[in-house]
2 protein chains.
Amino acid sequence: MGDVFKALADPTRRAILDELTDRDGQTLFEICTRLTMKHGSGSSRQAISQHLEVLESAGLVRTRREGRYKYHFIDTSPLRNIATRWPGNQ
Amino acid sequence: MGDVFKALADPTRRAILDELTDRDGQTLFEICTRLTMKHGSGSSRQAISQHLEVLESAGLVRTRREGRYKYHFIDTSPLRNIATRWPGNQ
DNA sequence: TTGACAGGCAAGTATTTACTTGCATAATTG
DNA sequence: CAATTATGCAAGTAAATACTTGCCTGTCAA
């Protein structure tokens, strides 16, 4: 089980979560191309793939395989602990 | 200005925030000794000092100098953005 | 069934980050 | 004033992390 905080530490991974928030259930290639559209300096496919592994291991992304496609879905439930760990934050 | 997410990525820094939540306004040495009490393998003074710099640069810790003492106070307001950045998280 | 497409694996490189080491400064205390 | 206490600074080391490179497997369509 990965660390949610460490998963959120990288700006590329946060951009991936933004992207999935905007359009849930994308494939690896869709995420790659849409990231290069928005931010000029897009990461490589392998880099994004490894970021997705980190996000999945932290429970922030769930995946479903269909044929040769693999769809990625955001899961925000692990974020709840962050909001409640240090009080005075409502 | 530092990155709030990167500041939260390190477990020692999160332990410092826990410690300040438990008892706000501690000096560097108080934080060091209380961290070594709870978790056996306490970090060195310099390590904690550098962690505090990161937390302060991220806006999670504010400081007040009085004589030779420097008091550290937690500020949870930067955490609000985290809770609201990715919806479906109330 | 051949080729293109989507994705996976693993080892190596490069960059970041955490920690250490040693000395310096400033405020108190005896 | 000298010694101690609390902290600061900066360069170096060690460990973690992000990224690359090259090849491999499975799926589908012509």
Side-chain angles (χ1 to χ4, degrees), chain A residues 1-20 23-37 39-73, chain B residues 1-20 23-37 39-73:
Chain A
M1 237 314 176
D3 186 339
V4 180
F5 293 98
K6 281 198 176 141
L8 291 174
D10 188 87
T12 305
R13 285 197 287 270
R14 297 199 292 271
I16 292 174
L17 291 182
D18 290 339
E19 188 50 51
L20 289 178
R23 190 167 193 264
D24 208 13
Q26 295 188 59
T27 67
L28 173 58
F29 268 95
E30 285 175 322
I31 296 169
C32 287
T33 51
R34 292 189 55 159
L35 279 182
T36 28
M37 297 294 159
H39 327 82
S41 68
S43 307
S44 71
R45 177 185 67 87
Q46 292 83 348
I48 300 288
S49 173
Q50 285 165 6
H51 282 308
L52 284 169
E53 280 178 39
V54 174
L55 288 169
E56 185 169 13
S57 142
L60 288 163
V61 161
R62 307 216 170 270
T63 59
R64 185 170 64 226
R65 184 107 200 203
E66 279 178 28
R68 62 176 161 175
Y69 299 106
K70 189 178 181 185
Y71 300 106
H72 300 265
F73 301 89
Chain B
M1 233 319 175
D3 185 340
V4 180
F5 294 98
K6 279 197 177 143
L8 291 174
D10 188 88
T12 305
R13 285 197 287 270
R14 297 198 293 271
I16 291 174
L17 291 181
D18 290 339
E19 188 51 51
L20 289 178
R23 190 165 193 265
D24 208 11
Q26 296 189 58
T27 68
L28 173 59
F29 266 97
E30 285 173 321
I31 295 169
C32 287
T33 51
R34 291 188 56 156
L35 279 182
T36 28
M37 296 294 157
H39 328 83
S41 68
S43 307
S44 73
R45 177 187 67 85
Q46 292 84 346
I48 300 288
S49 172
Q50 286 166 5
H51 282 308
L52 284 169
E53 281 177 38
V54 175
L55 288 169
E56 185 170 11
S57 142
L60 288 164
V61 161
R62 308 217 170 269
T63 60
R64 186 169 66 226
R65 184 105 200 204
E66 279 178 28
R68 64 175 163 176
Y69 299 106
K70 189 177 181 186
Y71 300 105
H72 301 264
F73 301 88

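Per chain, numbering begins at 1; letters A, B, ... match sequence-line order.
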>> A side-chain contact here means heavy atoms from C-beta on lying under 4.5 Å apart; do A:L8 and B:L8 qualify?
In response: no
>> Using a 4.0 Å heavy-atom cut-off to protein, can you give one letter per nucleotide of nucleotides 22-29 of chain D, 5' to 3': B if the base is in contact, S if only the sugar-phosphate is, - if neither?
In response: -----BS-
> With side chains defined as the heavy atoms from C-beta onward, is the minimum distance between B:L20 and B:L55 less than 4.5 Å?
Replying inline: no
>> Once side chain to side chain contact (heavy atoms under 4.5 Å, CB included) is applied, do any residues pair with B:E56, and if so which ones, sequence neighbours excluded?
In response: B:T63, B:K70
> To the nearest angstrom, how far is B:L55 atom CG from C:dT17 atom C1'?
Replying inline: 14 Å
>> Just the rounded figure in Å: distance from P of D:dT7 to CZ of B:R64.
In response: 14 Å
>> Quick check against the 3.5 Å criterion: does B:E30 have a side-chain atom that pairs as donor or acceptor with the backbone of B:T27?
In response: yes
> For residues 5-20 of chain A, which residues have at least one heavy atom under 4.0 Å from DNA chain C?
Replying inline: none
>> Using whole Å, what does the distance between atom P of nucleotide D:dC9 and atom CD1 of B:I48 come to?
In response: 17 Å
>> Can you measure A:E53 atom CD to D:dC19 atom P for me and round it to whole angstrom units?
In response: 13 Å
> Can you find a pair of side-chain heavy atoms, one from A:S49 and one from A:E53, that are under 4.5 Å apart?
Replying inline: yes
> Within the structure, does a side-chain N or O atom of B:S44 lie under 4.0 Å from either OP1 or OP2 of C:dT20?
Replying inline: yes
>> Nearest to the side chain of B:A47, heavy atoms from C-beta on, is which of D:dC19, D:dT7, C:dT20?
In response: C:dT20
> Could a donor-acceptor pair under 3.5 angstrom be found where the side chain of A:Q50 meets the base of D:dT20?
Replying inline: yes
> Please give, in whole Å, the distance from D:dT5 P to B:E30 CD?
Replying inline: 15 Å
> In whole angstrom, what separates B:L52's CG from D:dC9's C1'?
Replying inline: 16 Å
> CZ of B:F29 versus P of D:dT4: gap in Å, rounded?
Replying inline: 14 Å
>> Whole angstroms only, please: what is the NE2-P distance between A:H51 and C:dG8?
In response: 15 Å
>> With a 4.5 Å cut-off on side-chain heavy atoms, are B:R14 and A:D3 touching?
In response: yes
>> Between A:R23 and A:R34, is there a side-chain heavy-atom distance shorter than 4.5 Å?
In response: yes
>> Using a strict threshold of under 4.0 Å (side-chain N to carboxylate O), is an ion pair present between B:R62 and B:D24?
In response: no
> Does B:K70 put a side-chain nitrogen or oxygen below 4.0 Å from OP1 or OP2 of C:dA27?
Replying inline: no
> Under 3.5 Å, side chain of A:R13 to main-chain N/O of A:V54, donor-acceptor pair present?
Replying inline: no
